[in-house]
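Atom set for the values below is all heavy atoms of this structure, side chains included, hydrogens, waters and symmetry mates excluded. Numbers restart at 1 for each chain; the letters A, B, ... are given by sequence-line order, proteins then strands.
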Amino acid sequence: MFIPESFLTKEAEHVEGFAPECAVVTHAGGKELEERLVVRPTSETIIWDKYRDWISSYRDLPILLNQWANVCRWEMRTRLFLRTTEFLWQEGHTAHATHEEAEEEAYRMIHVYRDFAEKYMAMPVIPGRKTEQEKFAGALHTYCIEAMMQDGKALQSGTSHHLGQNFAKAFDVKFQNQDKELEYVHATSWGVSTRLIGGMVMCHSDDNGLVIPPELAPLPVVIVPIWRGEDEQERVLGRARELTRDWDPLFYKIDDREQYKPGFKFNHWEVRGVPIRVEIGPRDCDNNQVIAVRRDTGEKATLSMDGLEEQIRNLLSSMQQGMLEAAQKRMHDRTYTVDDYADYQRRIEEGGFFRIHWCGSGDCERKMQEDTRSTIRCIPFNAEPESGQCLICGNPSERRVIAAQGY
RNA sequence: CGGGGCGUGGCGCAGCCCGGUAGCGCACCUGCUUUGGGAGCAGGGGGUCGCCAGUUCAAAUCUGGCCGCCCCGACCA
């Protein structure tokens, strides 16, 4: 939580990148501190201070540390979930004997995040590399996953850094290799934060509230019994309980509250994003059926009470798939290829991802940012070699990058 | 820090221009009727109108000062 200021100033690039957004403790215990304490913006320096004690031989490598921690960055403007002063994140740190091994780890982790985003959150992302300007201060390079929100803006949803030997040199972390020589370690760090949850919310939700992908829903199924009078209540509720007798209690909930009408309950669970709502009333009991409603499409299905759990699980799984596909289509439909800067400047306002040629210069990148408030989000891993001319300056470019307005 | 906006029952707002008994929706309380998409009707409780000063017979309303919050720009995962 509190990092001695001197830790942070050891790595020049790193401190330069973070200094403006650090909160600093100057007083504690009723008096001024001899050394000021930075409220951690990330734990790199703390980890490295420990690495020095823990790493001496190649046999100590590779080393991997993972922690969930809250961090603090004093941004000029905050935005719920996406940019909060304090946020919770997962941060991983590794140290390796070779450059190649560190590179492999950084590359591997961004794909772990990508898989999680797509398989669990049903949120398609574009994995790629950040430009020099956008990379993590102190890293050799930064990988990222970029997602498109429903308004067409890009959201960096996870990052992975190849730190090279920068921190090893700053913190003097060396190991002895098999040839008895001392070498600086090669390192990575990577993380995702509560921002990712914000991304999930913004990727799927609609005017009726949250839409949570089934894989991540704390409550996948809610059963709303419908009755009129005590006789029906007893009958319907009894049937609902009987139907779900062998179900996992974490899988469903029967909303048997008496003070609310069914209509109220429908809306109550809808706004909370519960993936499947099952309605069961007297008519359904007569017909040995229930009505199941998908949160993402609102589609209603009549299901037999026989083998209900399996039918619902199938529905959940096609909903998970459907949500990913819908989001993929949205991203695809709003990804444009543009070669004329004036055209770009007009259309960037509408949102979306723009595949543009870029010569690689920071000047062009900055000019574009000033002209349009958009940035180069990433150089996608899957960018095919394609010769063209930089959208901004016209110089030769070898592949297209993704530009967009970002959060 | 620059530009714009807003502070009125618990929440969301109208009233302010043109000064004269502070109002609406939601929520809350009581009763009856309701229950397959956020219930209906009737009755009821609750407000130093952000703060301070000024003008006036009279200020939520006009004037001045202060305080707080939100949005847009410069920063950023």
Watson-Crick or G-U wobble partner of rG36(B), both distances under 3.5 Å: none
By nearest heavy atom, map T78(A) and E134(A) onto RNA chain B; which one lands nearer the 5' end? T78(A)
Nearest heavy-atom approach of L243(A) to L308(A) is CD1-CD2, 4.0 Å
Are any side-chain N or O atoms of Y113(A) and backbone N or O atoms of G191(A), one a donor and one an acceptor, separated by less than 3.5 Å? yes
Categorize E270(A) for me: base, sugar-phosphate, or nothing, with a 4.0 angstrom heavy-atom threshold over every strand shown. base
Taking any strand in view, what nucleotide pairs with rA60(B) in a Watson-Crick or G-U wobble way, both distances under 3.5 Å? none
What nucleic acid atoms does T194(A) come within less than 4.0 Å of, heavy atoms only: base, sugar-phosphate, or nothing? nothing
What is the separation between atom OH on Y260(A) and atom C1' on rG37(B), rounded to the nearest whole Å? 16 Å
Please report the distance separating the P of rC52(B) from the corresponding atom of rC70(B), rounded so that it comes out in whole Å. 23 Å
In whole angstroms, the gap separating C1' of rG38(B) from CZ of R257(A) amounts to 12 Å
Which nucleotide in rU35(B), rC75(B), rG38(B) has an atom nearest any side-chain atom of P262(A): rU35(B)
Is there a donor in the side chain of D371(A) and an acceptor in the side chain of Y341(A), or the other way round, less than 3.5 Å apart? yes
Identified pairing partner of rC66(B), criterion: Watson-Crick or G-U wobble below 3.5 Å: rG50(B)
Suppose we define a pair by two distances each less than 3.5 Å, Watson-Crick or G-U wobble; what does rU55(B) pair with here? none
P-based separation of rG37(B) from rG73(B) [nearest Å]: 43 Å
Scan L82(A) against the nucleic acid and name what it touches under 4.0 Å (heavy atoms): base, sugar-phosphate only, or nothing. base
If pairing means Watson-Crick or G-U wobble with both distances under 3.5 Å, then the partner of rG31(B) is rC41(B)
In whole Å, measure the gap between the C1' atoms of rA27(B) and rG47(B) for me. 15 Å
In the structure shown, which nucleotide is the Watson-Crick or G-U wobble counterpart of rG2(B), with both distances under 3.5 Å? rC72(B)
Between R239(A) and D284(A), is there a side-chain N and carboxylate O pair less than 4.0 Å apart? no
Is there a residue in residues 276-309 of chain A whose heavy atoms reach under 4.0 Å of RNA chain B, and which residues are they? R277(A), E279(A), G281(A), P282(A), R283(A), D284(A), I291(A), K300(A)
Taking only the P atom of each, what is the distance from rA22(B) to rG45(B) in whole angstrom? 16 Å
Salt-bridge present (E105(A), R108(A); N to O < 4.0 Å): yes
Give F136(A) one of three labels, base, sugar-phosphate or nothing, depending on what nucleic acid heavy atoms sit under 4.0 Å from its own. nothing
Please report, rounded to the nearest Å, how far the C1' atom of rG73(B) is from the CZ atom of R79(A). 15 Å
Output yes when D286(A) and R283(A) qualify as a salt bridge under the 4.0 Å nitrogen-oxygen rule, no when they do not. no
Cationic N near anionic O, under 4.0 Å, K135(A) to E132(A): yes
Using the P atom in both, what is the distance from rC17(B) to rA59(B), to the nearest Å? 14 Å
For nucleotides rG31(B) and rG38(B), find the distance between their P atoms and express it as a whole number of Å. 24 Å
Taking only the C1' atom of each, what is the distance from rC69(B) to rG23(B) in whole angstrom? 24 Å
Whole-Å distance separating the CD atom of E370(A) from the P atom of rC75(B): 9 Å
Between H99(A) and H186(A), what is the ring plane arrangement, given parallel below 30°, perpendicular above 60°, and tilted in between? perpendicular
Taking 4.0 angstrom as the limit, do K329(A) and E325(A) come out as a salt bridge? no
Under 4.0 Å, counting only non-hydrogen atoms across every strand here, what does E21(A) touch: a base, just sugar-phosphate, or nothing? sugar-phosphate
For M148(A), is there any backbone N or O sitting under 3.5 Å from a side-chain donor or acceptor partner on R330(A)? no
Does R77(A) have a side-chain nitrogen or oxygen under 4.0 Å from the phosphate oxygens OP1 or OP2 of rC72(B)? yes
For nucleotides rC6(B) and rG50(B), find the distance between their C1' atoms and express it as a whole number of Å. 11 Å
Taking atom C1' of rC75(B) as reference, at what distance in whole Å does atom CD of E16(A) sit? 15 Å
Does rG36(B) have OP1 or OP2 sitting under 4.0 Å from an N or O in the side chain of K261(A)? yes
Whole-Å distance between rG73(B) C1' and Q405(A) CD? 13 Å
Using purine N1 to pyrimidine N3 plus N6-O4 or O6-N4 for Watson-Crick, or N1-O2 and O6-N3 for G-U wobble, each under 3.5 Å, what pairs with rC26(B)? rG10(B)
Between P of rG36(B) and CZ of F264(A), the distance in whole Å: 13 Å
For atom CD of Q259(A) and atom P of rG40(B), their distance in whole Å: 17 Å
